[in-house]
Amino acid sequence: MTCEEFVELVTAYLEGILSVQDRRAFDEHLALCAGCERYLAQFRTTIDLLGELPQESLSSPGRERLLDAFAEWRGTTETDAE
Amino acid sequence: VLRHAVSRHQPAGQETTQGLGSGEDEDGCATAGGPEGGARAVTSGRNVGRPDPAVGDATPPRAGPVEDDELVARLRAGDEAAFGDLVRRLHPTMVRLALTRVRSRAVAEEVAQDAWIGLLKGIDAFEGRSSLPSWLFRIVINRAISAGVRERAQVPVDTVELERHDGRFSADGWWVTPPAHWADRVLDGIVAPDLVARVHEEIANLPRGQQDVVTLRDVHGLTSAEVCGVLNISEGNQRVLLHRARGRIRAALEQEVME
């Protein structure tokens, strides 16, 4: 396995869907290649950072509109039930 | 606009149908396998085991449905706190999904808001065949598309962004310039705050398909099967888009760290 092939397979590796053969070749390459070891570590760091992304909060006018809509929906639902 | 949309001038059944719209059924995830046999790949993946439990990529589907049951019950009961909580959790992702399909942030906001109205109209008929978030995301996507306000050209799965084209590999596939060493610095928290902002920026620069997949998978934490259902793409396509998105963001981070 070359470095280029290794890099193309990183997500498949992390998903756990490589064939037994590919998995072995991947692990062997990983054990011998510092560049690819670093690449894999950085890939994982990237995924971690994505997971920590602060979600921008909804603007308060938008939020109020939705809560108003919800209150109205609830009101009509209750009216329907009567 | 919202008030008009919410008012009940029609029989409930009819309104529900309109609220959900065509294609906004709950069966999205059932088609996740797609023509490439992705479902099979996922199954074999579980058999092989997880190469890295810490990353959590191959975790089994979350316990969403159980959580959903309670949430749906609370919404039906008119629990405003439950609704507000759900809005806080899902709205940003919904806007991002819409934003890749419409021209302005304002329109994306509107699409997301309309989807919430769709949720309220449809909640009584929701049967939980997909998770509540998956269902909402599909509503958003269908509405953003049918709104007909797409300005961006439809970008097919891009073929030009592979890292192999950046000259880092020799003709026979070995590193010419191996990745610079930065993971330790990042993990030490020395540069992390800047990097989070950089990640945010870079997602917005990705082609649409990559934005959708990486946001749903890595930012929002959906499983691959859920993402396939929401976006109606095959498991293989999903993986390619995810891989390219992650690769590009990694490259952007590297640039940031090394500057």
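Order of the sequence lines fixes the chain letters, A, B, ..., with proteins taken first and strands second; residue numbering starts at 1 for each chain. Computed from a prediction, not measured in an experiment: that's the story for all the values here.
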Answer yes or no: is there an ion pair linking B:Arg217 with A:Glu15, defined by an N-O contact shorter than 4.0 Å?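 Yes, this pair counts.
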Taking atom [atom1] of [X] and atom [atom2] of [Y], what is their separation to the nearest 0.5 Å?
X        : Y       : atom1 : atom2 : answer
B:Glu254 : A:Thr46 : CD    : OG1   : 9.5 Å
B:Leu253 : A:Leu50 : CG    : CG    : 8.0 Å
B:Ile117 : A:Arg65 : CD1   : CZ    : 8.5 Å
A:Leu66  : B:Leu86 : CG    : CG    : 10.5 Å
A:Trp73  : B:Phe83 : CH2   : CZ    : 8.5 Å

Would you call [X] and [Y] a side-chain contact if the rule is heavy atoms closer than 4.5 Å?
X        : Y       : answer
B:Arg250 : A:Tyr39 : yes
B:Trp175 : A:Cys33 : yes
A:Phe70  : B:Leu75 : yes

With sequence neighbours excluded, tell me which residues meet side chain to side chain donor-acceptor pair (under 3.5 Å) with A:Arg24.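 A:Arg24 satisfies side chain to side chain donor-acceptor pair (under 3.5 Å) with no other residue.
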Could I get the full list of side chain to side chain donor-acceptor pair (under 3.5 Å) partners for B:Glu202, not counting sequence neighbours?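 Testing B:Glu202 for side chain to side chain donor-acceptor pair (under 3.5 Å), a comparison that skips the adjacent residues, returns B:Arg198.
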Going through the distances and angles, do B:Leu120 and A:Arg74 end up as a side-chain contact (heavy atoms from CB on, under 4.5 Å)? CA-CA 9 Å; B:Leu120 296 180; A:Arg74 185 174 54 187; over 6 Å; no
Minimum-distance pair of heavy atoms, taken over all atoms of B:Trp174 and A:His29: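 For B:Trp174 and A:His29, the tightest heavy-atom pair comes out as CZ3-CE1, 3.6 Å.
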Kindly assign one of parallel, tilted or perpendicular to the pair A:Phe43 and B:His243, based on the angle between their ring planes and the thresholds 30° and 60°. tilted
With a 4.5 angstrom heavy-atom cut-off, could you sort out which part of A:Ala12 is near chain B: side chain, backbone, both or neither? both
